[in-house]
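Below is one structure, written out as structure tokens; comments come after it.
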Amino acid sequence: MMSRKKGDQLKIGFIGLGIMGRPMAKNLIQKGFSVKVFNRSPEPSQILAKSGAQIADSPADAAQSADAVITILPDDRVVESVCLGENGILEGIEPEAVAIDMSTTSPDLPRKMAPLFRRKGAFLLDAPVSGGDVGAQEATLSIMAGGNEDAFNRMLPVFKAMGRNISHVGDSGAGQIAKCANQMIVALSIEAVAEALLMASRSGVDPEKVRAALMGGFAQSRVLEVHGRRMTRRQFTPGARVGIHQKDTRIALDAALKMNLYLPGVSMMSQLWNAALAQDGGKDWDHSGIVKLLELMSNTTIES
């Protein structure tokens, strides 16, 4: 890795410029980092280039001469291909550099890949995020990281440019276990909020007023605040899609199966996500859109 003088900003490669990745990369640019981006479709890279990003030709190119290379991608298959495939990150990464996978994957994937990066003298952190598109835009994401603690500490300036609640939770895979826990709680909370607002509406009580009243008690939560408002306002432009949350729930269930854990609530949510996916366009609903499925099943619509 190139030596740096005191005060030099870290060089960052960034791969995956979707709903989450694009604002995260933009925040890094705005904080003064040198950012080189790669995305399968060129338009997001071209937009960020107007803000000062360089454009890489491949994941390997994004990793070359970088102190850190960040990925935020849809699933295990894509992450593994980008990291380990031809012209992948592992080909370009330099000794002492850190690959930071901020995707949501199975815990087994970082445990498999981390030793391959160590053989090259580099490090891999699994550092998935929570906070949705709003957190990505406002640089207030929660970041839960697994992997080498010294590498994590070196990357704290990078994390602080994108998030607020930043935690090292253990060895490789621990970040993904924490994200499983997060997605389990979020999914069940969204479902509970949908049921509560549906009952309010069916009873003839304004569900938005109920939501506002509940924000002052023990039911208060970020899900009630943000997703409850999306439900009452019928604003389902995706921040996090049903298809992605269904994948995350499947990861949690697969991990639970290996540990002989009984997770009935998560199993129920898996079936609800599957039912939502069966609806026209359901894959691309915002995950708060699960309320539309419950409305269909109850022949009731939330109306404020």
Side-chain angles (χ1 to χ4, degrees), residues 1-5 7-105 113 116-117 120 122-129 131-133 135-139 141 143 151 154-155 157-163 238-239 241 244:
M1 189 173 79
M2 298 174 63
S3 60
R4 303 239 171 269
K5 296 178 181 179
D8 284 354
Q9 275 288 15
L10 298 177
K11 290 186 176 181
I12 311 295
F14 201 106
I15 301 169
L17 303 175
I19 289 175
M20 299 290 289
R22 186 164 136 193
M24 291 164 67
K26 187 173 182 179
N27 285 329
L28 288 167
I29 295 167
Q30 290 175 339
K31 294 293 174 64
F33 290 94
S34 173
V35 179
K36 194 172 189 179
V37 299
F38 176 80
N39 195 68
R40 184 172 56 182
S41 56
E43 183 180 358
S45 297
Q46 293 164 357
I47 292 171
L48 283 175
K50 296 177 182 177
S51 298
Q54 302 173 62
I55 299 178
D57 295 327
S58 67
D61 183 33
Q64 286 171 358
S65 301
D67 298 283
V69 55
I70 295 170
T71 49
I72 183 157
L73 299 164
D75 55 37
D76 286 41
R77 180 187 60 81
V78 178
V79 171
E80 185 169 7
S81 175
V82 166
C83 287
L84 307 183
E86 184 177 359
N87 290 320
I89 291 169
L90 193 60
E91 287 188 16
I93 201 165
E94 299 188 14
E96 296 303 312
V98 183
I100 306 171
D101 183 32
M102 306 188 83
S103 320
T104 298
T105 72
M113 296 197 303
L116 302 178
F117 281 87
K120 228 186 154 178
F123 298 89
L124 172 70
L125 298 175
D126 53 294
V129 300
D133 57 324
Q137 292 161 17
E138 297 178 354
L141 293 167
I143 302 171
R154 283 199 285 124
M155 292 298 107
V158 178
F159 291 137
K160 288 178 179 178
M162 299 180 288
R241 290 181 170 88
I244 295 296

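FYI, the numbering just counts along the sequence from 1.
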Is the closest side-chain heavy-atom distance between L125 and F159 below 4.5 Å? yes
Straight-line distance of K36 NZ to L48 CG, nearest 0.5 Å: 15.0 Å
From R40 atom CZ to I15 atom CD1, the distance as rounded to the nearest 0.5 Å: 13.0 Å
Verify the neighbour count for atom CZ of R241: are there more than 12 heavy atoms of other residues, nucleotides or ligands below 6.0 Å? yes
Distance in Å, L90 CG paired with C83 SG, rounded so as to fall on 0.5 Å steps: 8.0 Å
Donor-acceptor contact present, side-chain S34 to main-chain K11, <3.5 Å: no
Any V129 side-chain heavy atom under 4.5 Å of M162 side chain: no
Measure across I93 and K120 and return the closest heavy-atom pair with its distance rounded to 0.1 Å. O-NZ, 3.4 Å
In Å and rounded to the nearest 0.5 Å, what is the CD1 to CG distance from I89 to D61? 11.5 Å
Counting N and O atoms only, with roles assigned by atom type, does the side chain of E80 sit under 3.5 Å from a partner on the main chain of D76, one being a donor and the other an acceptor? no
About how many Å separate CG of L73 and OG1 of T105, when rounded to the nearest 0.5 Å? 10.5 Å
Mark yes or no for whether N27, through its side chain, and A136, through its backbone, hold a donor-acceptor pair below 3.5 Å. yes
Could you check whether any side-chain heavy atom of M113 comes within less than 4.5 Å of a side-chain heavy atom of D126, counting everything from C-beta outward? no
Side chain proximity check, F14 to I72, heavy atoms < 4.5 angstrom: yes
Between I244 and P74, which heavy-atom pair has the shortest distance, and what is it? CD1-O, 4.5 Å
Distance from K160 atom NZ to I143 atom CD1, nearest 0.5 Å? 11.0 Å
Test side-chain contact (heavy atoms from CB on, under 4.5 Å) applied to V158 and I70, step by step: CA-CA 10 Å; V158 178; I70 295 170; 3.8 Å; yes
Using modelled atom types and a 3.5 Å cut-off, is there a donor and acceptor pairing between side-chain atoms of R154 and backbone atoms of E96? yes
Please check if the number of heavy atoms outside K26 that lie under 6.0 Å from its NZ is greater than 12. no
Between D67 (side chain only) and L10 (backbone N and O only), is there a donor and an acceptor less than 3.5 Å apart? no
Which atom pair, heavy atoms only, marks the closest approach of S45 to L17? OG-CD1, 3.5 Å
How close do G13 and A66 get, heavy atom to heavy atom, and via which atoms? N-CB, 4.0 Å
Smallest heavy-atom separation, I100 atom then A68 atom, equals CD1-CB, 4.2 Å
Which pair of heavy atoms, one from P128 and one from T104, lies closest together, and at what distance? CB-OG1, 4.3 Å
Quick one: do M102 and M20 satisfy side-chain contact (heavy atoms from CB on, under 4.5 Å)? Show the steps, please. CA-CA 10 Å; M102 306 188 83; M20 299 290 289; over 6 Å; no
